[in-house]
Participant: 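What follows is a single structure, and I will ask about it in a moment.
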Number of protein chains: 2
Amino acid sequence: MLAASTPTGTLHPVTTAARPYHHGNLREALLRAGERALEAGGAENLSLRELAREVGVSHAAPRRHFPDRQALLDALALSGWERLGATLEAAVLAAGDDFDARLLGLARAYVDVATRHPALVALMFATKHQAGASPALAAAGERALAPALAAVADGQAAGAVVPGDPEQVAIVAFAALQGLVALASNGMLDDTPLTAMLDDVVERLVLGLRPR
Amino acid sequence: MLAASTPTGTLHPVTTAARPYHHGNLREALLRAGERALEAGGAENLSLRELAREVGVSHAAPRRHFPDRQALLDALALSGWERLGATLEAAVLAAGDDFDARLLGLARAYVDVATRHPALVALMFATKHQAGASPALAAAGERALAPALAAVADGQAAGAVVPGDPEQVAIVAFAALQGLVALASNGMLDDTPLTAMLDDVVERLVLGLRPR
DNA sequence: ACCTGAACACCGTTCAAGT
DNA sequence: ACCTGAACACCGTTCAAGT
């Protein structure tokens, strides 16, 4: 009875265990629903009104937490970058000190995330550097990719990688992965198992990046 | 007066030089306006009603030529694949018989198209293999990429490229380009000139693809 | 054969007003 | 501080009807 949804006219200080008058946790609920919607239909099919309906508030309620649709997308991308950064960091740690092993570990970790959450990763990259993106978002992207940069720099110091701006070298390597994932997401790899292809790509990357 | 827009009650058999009653060329006009809209704001911001307004017909008129929005996007992608195919073919012919030169030529041609028409290229890949895509579209994509496949196969025959399924080898190379273009489109290359980076990527690709 | 106009069910965004 | 309801200007899609 107390937990029912009829507003019984009693005052409700700030917190109640029952169904929400003020919902109490709307921001988090919208983000969770948003991530589901993202994976279900991509960023361009995400509807704020639909999220509000799912969560059980009026269509104008999200505005308190996200001024517009883009703000919600930015928040989703930000959280994605933060989780990716942690994943890449863990991959480097698990791989030990060898450059080839690190590159393989990073590649596998990234491809794993990108194939399990393709729409989120697409959103992350689309949002990161676009005109008028929030500085916080760009910074989160930089932080997330820092482990890969550091691995390249270490590889150069150990003589396993061609010299030059680590960022440029890393981008060359990263581009190949990014492209592979894009092709996989678009179904262009058909029957070829992604993991097999991935190891092949990484092997050729290592060869291509070795000093001559 | 005759060319004015007021319908003067006279009958108009089928063709008139004045302003259109039936427009006469609506399909082409929509495609042209669609390509402009695509480059201006990406596929997800393309509005059928806006195209109809630009072209000067009612919002329901496009339906005769394109049953829905996706049909217009498919037609744009199809024309993009056809033009890309011709461009890649020309690049191979211009590059002569050497594998390295062909790969560089193909890469430059593709990157040129992809940077000048990023939204169109994104649409092409997004549409090519998606669930329920028209077979004609998939076939056009295959045809467009055939010159690159052939170049790889020739390279293998000449001993310049690792053996194996040419499609798989081509995909590895193509993935790197695709990724590079994606990064460039997203502004992640910052100040680095794309052409310089491109030549570097191709050089490393050649190295990575060489038989050991 | 090709196009119009009105209608329907959706959007994102805004703003006064409620508790 | 947080949310609602009504309103506005847009969509894509459908369908009868016009020429």
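Predicted model only: the values in this text are computed from it and were never measured.
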Participant: For A:His59 and D:dC10, give me the distance from atom NE2 to atom P, rounded to whole Å.
Facilitator: 17 Å
Participant: With a cut-off of less than 4.0 Å, is there a side-chain N or O of B:Ser47 near OP1 or OP2 of D:dG12?
Facilitator: yes
Participant: Does A:Asn25 or B:Gln70 map to a spot on DNA chain D nearer the 5' end, using the closest nucleotide for each?
Facilitator: A:Asn25
Participant: Rounded to the nearest Å, what distance is computed from the CG atom of residue B:Leu73 to the P atom of nucleotide D:dT13?
Facilitator: 10 Å
Participant: Taking A:Leu46's backbone N and O only, do any of them form a donor-acceptor pair with A:Arg69's side chain (distance below 3.5 Å, no angle check)?
Facilitator: yes
Participant: Can you identify which nucleotide, out of D:dT14, C:dT13, D:dC11, has its nearest atom closest to the B:Arg49 side chain?
Facilitator: D:dC11
Participant: Measure from the side-chain heavy atoms of A:Ala61 and tell me the nearest of C:dG12, C:dT4, D:dT4.
Facilitator: D:dT4
Participant: With respect to the side chain of B:Glu50, which nucleotide from D:dC11, C:dT4, C:dG12 is positioned closest?
Facilitator: D:dC11
Participant: Rounding to an integer number of Å, can you tell me how far A:Phe66 CZ sits from C:dT13 P?
Facilitator: 13 Å
Participant: Could you tell me how far apart B:Arg69 (CZ) and D:dG12 (P) are, to the nearest whole angstrom?
Facilitator: 6 Å
Participant: Check whether any side-chain N or O of B:Arg63 sits under 4.0 Å from OP1 or OP2 of D:dT14, and answer yes or no.
Facilitator: yes
Participant: Does B:Leu46 reach a base, just sugar-phosphate, or nothing at all? Heavy atoms under 4.0 Å.
Facilitator: sugar-phosphate
Participant: What is the base-pairing partner of D:dG12, counting Watson-Crick and G-U wobble geometry with both distances under 3.5 Å?
Facilitator: C:dC8
Participant: Over how many whole Å does the gap from A:Arg64 atom CZ to D:dT4 atom P extend?
Facilitator: 11 Å
Participant: Separation of B:Leu51 atom CG from D:dC11 atom C1', in whole Å?
Facilitator: 13 Å
Participant: Does D:dC11 have OP1 or OP2 sitting under 4.0 Å from an N or O in the side chain of B:Arg53?
Facilitator: yes
Participant: Run the numbers on B:Arg63 and B:Asp68 for salt bridge (charged side-chain N to carboxylate O under 4.0 Å, His left out), then give the verdict.
Facilitator: CA-CA 6 Å; B:Arg63 225 208 162 214; B:Asp68 58 15; over 6 Å; no
Participant: Starting at atom CG of A:Leu48, determine the distance to atom P of C:dT13, rounded to an integer number of angstrom.
Facilitator: 7 Å
Participant: Paired with D:dC2 by Watson-Crick or G-U wobble geometry, both distances under 3.5 Å: which nucleotide is it?
Facilitator: C:dG18
Participant: Measure from CG on B:Leu30 to C1' on C:dC2 and round the result to the nearest Å.
Facilitator: 13 Å
